[in-house]
Structure formats: C-alpha cells, structure tokens
Amino acid sequence: MSKISDAISEIQSLEALSRGPGFVNRLHPLGKLLLTVFFIAVTVSFPKYSLPGLITMAVYPAAVFLVADLSFGEALRRLRVVLPLVCVVGILNPFFDRTPVLTIGTLAVSGGVLSMVTLMVKAVLTVLAGYLLIATTPIEEICRALRLLHLPKVFTVVVLLIYRYVTVLLAEARRITQAYSLRAPGQKGVAWKAWGPLLGQMLLRSMDRAEGVYDAMLLRGFTGEFAAGREAKLRPADILWPVVWMLILLALRLFPVTSWIGNLFV
Amino acid sequence: MHMADALVTPAVAGTLYAASALTAGWSVRKVRLEDNPKKVPVMGVMGAFVFAAQMINFTIPGTGSSGHLCGGMMLSALLGPWAGFLTMIGVLLIQCLFFADGGLLALGCNIWNMAFYGCFVGALAIWRPMMKNGASRGKILLASVLGCVLTLQMGAFSVTLETLLSGVTELPFSVFVAAMQPIHLAIGLVEGLITAAVLIFVHEARPELLWGVDKTAEGKMSLGATLGVLGGAALVIGGGLSLLASSLPDGLEWAIGRVAGTEELEAAGSVYEAAGHAQEATSFLPDYAFPGSESALGTTVSGIVGALIVLAVLVAAAMLFRFFRNRKKATA
C-alpha cells in the first residue's frame with residue numbers, strides 16, 4: 001500500500017534532514033521549540049480581517065528556509081493533510097459574511113473573502129513553522145526539551161519508543177497488507193471478515209515484540225531513562241536566536257508595519 | 001478530526017492544553033502507581049501499532065469507501081484508560097510533528113477531542129462496567145460500537161465548539177453541528193465495528209490481554225443484563241441528544257457573548273420537549289444564514305440530518321444482524 005510506504009519515507013527523510021550539520025540544527029532544542037510555539041501562537045492571534053499584518057509573519061519561515069537550506073516544496077506537500085479541513089471550515093465564509101470591508105479600485109472585497117484568505121494563510125504559515133522545527137530537530141532533542149520543561153519521564157520515554165517502533169510496525173503493516181492484497185486481487189481494502197484476524201494477529205505479534213524489546217532493554221541496563229540527545233554547552237546563539245526572533249515577531253504583531261511601509265510609497 | 005493550528009486562537013488552545021495537561025498528570029500518577037515496569041515498553045509498541053494500523057484501509061461492506069481503527073478505545077481496552085491516554089498523546093504528538101496532522105498549538109485540543117473522550121469516557125463509562133462480569137463476543141461488540149460512537153460524537157461536538165469559539169468561521173452553530181455530527185456517527189459505527197473485530201480476536205486468542213475484564217466470571221450475559229445495558233445506552237444517547245439539542249441556542253449565545261450567567265440546563269425529560277428544543281435550534285439558523293429563505297433552509301438541513309441518521313442506524317442494524325447470523329451459522 002503506497003500510503004504506508006509514503007509514511008515510512010517521510011519519517012526517514014525528516015530524520016535525515018534533522019540530523020544535518022546546519023546552523024539551525026545545532027541550536028538548542030528548547031529555544032527552537034519555544035520559538036515555534038510562540039510563532040504559531042502569534043500567527044493565529046491575528047484577527048480574522050488582518051491579512052496585511054499576517055503576511056508580515058512570513059518573514060520567519062522565509063528566513064529559516066534560507067538559513068537552514070530546506071526544500072520549500074517538501075514543506076508545502078505537508079499542507080495536503082491540513083488544508084482540506086481548513087477549507088471546509090473557511091470556504092463558506094464568503095457566503096455568510098458579505099459586508100464589504102475593503103475596496104480596491106472598483107472591486108469591493110467582502111469580509112467573508114478576506115477572512116477565508118486569512119484562514120488559509122494562517123494554515124500555510126503554521127504548517128511551515130512545524131516543518132521547520134521537525135526538519136531541523138531530531139525527536140530525541142525535542143524530548144530533551146520537553147524534559148527540560150519538566151514533562152514526566154514516562155511520557156518522553158513512551159514518545160521515543162513509539163517513534164522507534166513506528167517505522168518497524170509500518171513496515172510490518174505494509175508486509176501484511178501486501179500479502180493480503182496478493183491473495184485478494186482487485187480488492188480495495190481489507191474485507192470485513194478479515195478485520196479481526198488481520199489486525200489481531202498484528203497486535204499479538206506487536207505485544208510479543210514489546211516483551212522482547214523490554215527484555216533486551218533490561219539486558220542493556222535500561223533504568224527508565226534514555227541517554228538524551230547531544231549534551232552540548234549552551235552557546236550565545238542558542239539564546240540569541242529565539243529571543244531576537246520573538247522580539248521581531250512581537251513587533252510585527254503589535255505595530256502596523258505594513259501601513260508604515262505602504263505610507264512610504266503612497 | 002485532527003484540528004489544525006489555524007482553526008484555534010491562543011486562548012482556546014491554552015485552555016484545552018491546560019485541561020489535557022491536568023488529565024495527563026493524573027494519568028502519569030496512575031501509571032506510576034501501577035508500578036509495572038513492563039508497561040512502558042508495551043505502551044510504546046502499542047502506540048506504534050495504532051499508528052500503523054490506522055494506515056490500513058478496511059472495506060466497509062456495501063459501500064465503496066473504507067474505514068480505520070479507533071485508537072483511543074482500543075488502547076484503553078488493552079492498557080487501561082490512563083496508560084491508553086498517555087500513549088494516545090504520544091501518537092498525536094508524532095502525527096503532528098512528522099505528518100502535520102494537527103498542529104503544535106492545537107495539540108491540546110486534539111488530545112482532548114480524541115484521547116480524552118476515547119480513553120476515559122470509552123473505558124470508564126462503557127468498557128469497564130460492561131466487562132465487570134467477564135467478556136463475551138456480544139459484549140465486546142456492543143461496548144466497542146457504543147464507545148466509539150459516543151466518544152466520536154463528543155469529539156466532533158468539541159471540534160465544533162472550539163472552532164466557533166475561535167471565531168475563524170462564519171458558519172452558524174447549527175449548520176456546523178448538522179454537518180459534523182452525522183458524519184462522525186457513520187465514522188464511529190465503522191470504527192467501532194473494526195475495533196470490536198480486533199478486540200474479539202484478542203479475547204479469543206489471548207483473553208488475559210484485555211483490561212478490566214474479570215477473568216473468573218463466566219462470559220455469558222443474561223437477558224436481563226443485555227436489556228439493562230441496551231436501556232442504559234438508550235438513556236445515555238437520548239439524554240445526550242436532548243442535552244445537545246437544548247444547549248444549542250445557549251451555546252451559540254454564549255459564544256457571541258449575549259448571555260452572561262450559567263443557567264442550569266433543564267433536564268429534557270420527554271421526547272416532546274427534546275423535539276421542541278431541536279426545532280428551536282434549527283429555526284435558529286435563518287437569522288444568521290440566508291435571510292428570506294428561512295423555513296426552506298431550516299427544513300432542508302433538519303431533513304438531511306434526519307435522513308442521514310435513519311440511514312446510519314439502518315446500515316448499522318443490518319450489519320449487526322448479519323454479523324450475528326453469520327457467527328451463529330459458523331458455530332452451528
């Protein structure tokens with residue numbers, strides 16, 4: 001099933017990207033995590049008609065894409081998951097909200113159109129920000145940041161284990177479905193009679209695997225804590241990068257920068 | 001059902017983050033109290049299993065479409081609600097980070113909408129009481145379907161509320177609810193059946209893996225118990241629906257800041273009353289939507305919703321009937 005293969009290759013390519021040697025990759029994960037959440041919060045905090053201000057937010061993803069040398073197309077591909085739902089929610093706005101709020105020449109733009117576009121731009125920006133985090137930060141580092149925020153150890157260990165086993169079990173799911181489809185040619189999914197045995201077998205095997213994993217972990221001296229990521233010294237850039245960006249984003253949110261720029265030319 | 005960051009405001013996201021974090025804290029304490037060192041690796045592998053299993057398409061009989069497994073309900077039936085909840089958070093976090101399914105800011109909402117209802121309502125209110133006296137095929141089927149339908153309805157309703165409170169859509173409350181609930185009723189039925197199929201398989205192959213089942217008790221359910229469970233389910237669903245119906249105008253009014261106080265919802269005792277509330281809710285629509293075509297749109301929406309519900313119930317009843325008949329044939 002190609003969907004499963006896609007998922008596996010997506011995880012693998014992100015893993016490879018995040019372990020790269022770039023400047024953004026080497027920054028402290030806590031700073032990057034907080035900056036990402038801050039960026040998303042500021043972005044979605046724009047009111048529904050503030051399209052011009054919202055567009056200035058693009059300065060952060062644009063800059064990081066350049067600095068981290070990431071592929072923009074790859075990131076946009078991720079929008080396919082989010083956009084459908086956002087579209088369903090926003091697409092009717094133009095029909096419900098018809099008050100003209102903006103006139104460009106003779107063209108009147110209604111509030112609904114404006115709020116719909118604002119919503120789409122928010123979706124694009126927030127998805128890009130998420131991509132920039134995961135494409136420059138390995139999951140172990142993100143868990144290290146979560147530990148620094150005092151999230152319980154049980155939780156981060158479970159996240160790391162899920163991540164470790166996702167590719168293994170995805171590969172297993174691919175083998176199972178491939179075998180099934182070879183025995184049931186021309187069938188789109190799994191027939192209802194096979195629902196239980198097919199998934200159930202996979203589940204029992206996974207449970208046995210978990211036992212094996214646990215035994216192996218014990219033999220290797222597992223005490224409930226993973227060696228967390230690279231322990232590097234805090235460098236000035238680790239602090240400066242998030243702080244400077246937060247100040248820039250805050251300034252863009254609080255001041256009407258776009259109208260200032262516009263006034264320069266009009 | 002994953003909400004994107006763009007659909008929430010920081011205030012809504014923050015509130016649900018806080019609620020989810022509190023529940024997670026409680027769950028961590030409960031899991032620690034169990035003090036079972038094997039639990040953590042099992043949680044990790046089961047989380048990965050749910051992730052992988054949700055990628056497999058299951059053909060829905062009689063239709064061309066396909067459904068997936070319901071993670072929350074299945075995890076709590078195997079791990080218990082607390083470990084299941086923590087595992088679901090892990091799954092949601094990885095889906096959000098690696099597949100942009102949901103968002104970092106909306107994660108709190110997604111945890112609440114999917115993991116909280118799925119694990120706690122599904123496991124504590126439905127699974128555990130039903131499995132107290134041992135499990136059987138029928139009981140597992142009933143619990144899974146009921147649990148999935150109920151928790152998905154609650155989740156879908158929360159998505160609607162959170163989106164509207166964030167003010168990103170101009171959709172009137174009633175239209176949004178009318179679009180969300182029936183779709184998720186159908187999804188819940190299918191997910192429930194798939195989840196039931198897996199859990200029945202586990203029950204037959206390795207019954208000791210199921211959580212909250214009294215192993216010493218005989219699995220047969222008496223007629224009285226069956227009727228009791230069905231009656232309870234009807235009460236829950238009926239009560240929930242009437243509550244939903246009567247809270248529709250209040251919810252919206254609250255959303256647009258018209259009403260201040262929090263008045264107690266009157267228990268809508270009779271069907272008549274509930275129907276009256278439902279009517280009130282649908283006739284609420286024209287004020288916001290298409291002025292001039294009031295009654296036409298109102299009836300259309302309620303008509304479509306009604307038709308969809310009837311259709312879904314019929315399909316479900318037919319599927320259940322066939323399932324049991326085939327089982328009987330197989331054993332006979």
Side-chain angles (χ1 to χ4, degrees), chain A residues 3-4 7 10-11 14 36-37 40-41 44-45 48 78 81-82 85-86 89-90 92-93 96-97 112 115 119 122-123 126-127 130-131 134 152 154-155 157-159 161-163 165-166 169-170 172-173 177 188-192 195-197 199-200 202-204 206-207 209-210 213-214 217, chain B residues 2-10 24 28 31-32 38 40-49 51-53 55-59 61 64 66 69 86-87 89-91 93-94 96-101 103-105 163 167-172 194 197-198 200-202 205-206 209 288-289:
Chain A
K3 199 167 100 187
I4 301 179
E10 195 146 347
I11 291 178
L14 279 174
T36 306
V37 174
I40 295 174
V44 300
S45 77
K48 60 182 179 179
R78 286 159 65 89
V81 187
V82 171
L85 182 65
V86 173
V89 171
L92 288 174
N93 281 6
F96 286 108
D97 182 1
S115 64
L119 188 62
K122 279 183 185 173
T126 50
V127 168
Y131 177 78
I134 194 64
V154 179
F155 176 69
V157 170
V158 166
V159 169
L161 278 172
I162 294 177
Y163 176 72
Y165 282 93
V166 152
L169 290 191
L170 278 174
E172 182 143 323
T177 44
K188 236 178 81 186
V190 177
W192 71 271
W195 285 358
L199 268 189
M202 188 173 147
L203 185 135
L204 294 186
S206 306
M207 279 284 197
R209 192 191 291 267
V213 168
Y214 178 66
M217 279 159 65
Chain B
H2 292 70
M3 287 181 84
D5 284 335
L7 295 180
V8 292
T9 52
V28 167
V31 170
R32 277 194 193 135
K38 272 190 190 172
V40 170
V42 172
M43 282 160 74
V45 175
M46 287 318 291
F49 168 79
F51 197 107
M55 295 257 171
I56 300 176
N57 290 329
F58 296 92
T59 318
S66 55
L69 176 89
L86 293 178
T87 311
I89 297 179
V91 174
L93 178 70
I94 285 175
C96 144
L97 284 173
F98 285 88
F99 297 96
D101 210 357
L104 271 179
L105 192 68
T163 312
V168 295
T169 178
E170 303 298 327
L171 282 177
I194 296 172
V198 179
I200 288 171
F201 181 87
V202 173
R206 300 260 286 274
L209 289 180
Y288 288 84

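In what follows, every chain begins at residue 1, and chains take the letters A, B, ... in the order their sequences are listed.
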Original post:
By ring-ring contact (aromatic ring centres under 6.0 Å, His included), which residues pair with B:Phe51, not counting sequence neighbours?
Top reply: B:Phe99

Subject >> Part of B:Val91 within contact of chain A (heavy atom distance under 4.5 Å) >> reply: both

Subject >> Any side-chain heavy-atom pair of B:Val8 and B:Met3 under 4.5 Å >> reply: yes

Original post:
Do A:Trp195 and B:Val198 come within less than 4.5 Å of each other through their side chains, counting heavy atoms only?
Top reply: no

Subject >> A:Phe155, part contacting chain B, at a heavy-atom distance under 4.5 Å >> reply: side chain

Original post:
Side chain, backbone, both or neither: which part of A:Ala191 has an atom under 4.5 Å from a heavy atom of chain B?
Top reply: backbone

**OP:** Mind checking side chain to side chain contact (heavy atoms under 4.5 Å, CB included) for B:Ala53 and listing every partner two or more places apart, or none if nothing turns up?
**Re:** A:Leu199, B:Phe49, B:Leu69

**OP:** Carefully, step by step, assess B:Thr169 and A:Phe96 under the rule side chain to side chain contact (heavy atoms under 4.5 Å, CB included).
**Re:** CA-CA 9 Å; B:Thr169 178; A:Phe96 286 108; over 6 Å; no

Original post:
Relative to chain B, which segment of A:Ser115 carries a heavy atom at a distance below 4.5 Å: side chain, backbone, both, or neither?
Top reply: side chain

**OP:** Tell me, out of B:Val31, B:Asp101, B:Leu86, B:Leu171, who's got the most heavy-atom pairs with chain A below 4.5 Å.
**Re:** B:Leu171

Subject >> Greatest number of heavy atom pairs closer than 4.5 Å to chain B - which of A:Val86, A:Val158, A:Val213 >> reply: A:Val158

**OP:** Kindly indicate, with the supporting measurements, whether the criterion side chain to side chain contact (heavy atoms under 4.5 Å, CB included) is fulfilled by A:Leu204 and B:Arg206.
**Re:** CA-CA 8 Å; A:Leu204 294 186; B:Arg206 300 260 286 274; 3.9 Å; yes

Original post:
Is chain B contacted by the side chain of A:Val127, its backbone, both, or neither, given a heavy-atom distance below 4.5 Å?
Top reply: side chain

Original post:
So which of B:Ala4, B:Gly90, B:Ala52 has the largest heavy-atom pair count under 4.5 angstrom toward chain A?
Top reply: B:Ala52

Subject >> Segment of A:Leu169 engaging chain B (4.5 angstrom heavy-atom cut-off) >> reply: both

Subject >> Residue B:Thr87 versus chain A: region with a heavy atom under 4.5 Å >> reply: both

Subject >> Contact class of B:Val40 relative to chain A, heavy atoms under 4.5 angstrom >> reply: both

Subject >> chain B contact via A:Leu14 - side chain, backbone, both or neither, heavy atoms under 4.5 Å >> reply: side chain

Subject >> Sub-4.5 Å side-chain heavy-atom contact between A:Leu203 and B:Met46 >> reply: yes

Original post:
Tell me, side chain or backbone of A:Leu92 under 4.5 Å from chain B's heavy atoms, or both, or neither?
Top reply: side chain

Subject >> Stepwise side chain to side chain contact (heavy atoms under 4.5 Å, CB included) test for A:Met207 and B:Val42 >> reply: CA-CA 7 Å; A:Met207 279 284 197; B:Val42 172; 3.8 Å; yes

Subject >> side chain to side chain contact (heavy atoms under 4.5 Å, CB included) between B:Arg32 and A:Val154, worked out >> reply: CA-CA 8 Å; B:Arg32 277 194 193 135; A:Val154 179; 4.2 Å; yes

Subject >> Heavy-atom pairs under 4.5 Å with chain B, option from A:Thr126, A:Val89, A:Asp97 with the top count >> reply: A:Val89

Original post:
Can you tell which of B:Leu93, B:Val202, B:Ile94, B:Thr9 has the highest number of heavy-atom pairs within less than 4.5 Å of chain A?
Top reply: B:Ile94

Subject >> Distance in Å, A:Leu170 CG paired with B:Ile56 CD1, rounded so as to fall on 0.5 Å steps >> reply: 9.5 Å

Original post:
Taking every heavy-atom pair that is under 4.5 Å apart, which of A:Thr36, A:Val159, A:Ile40, A:Asn93 has the most such pairs with chain B?
Top reply: A:Asn93

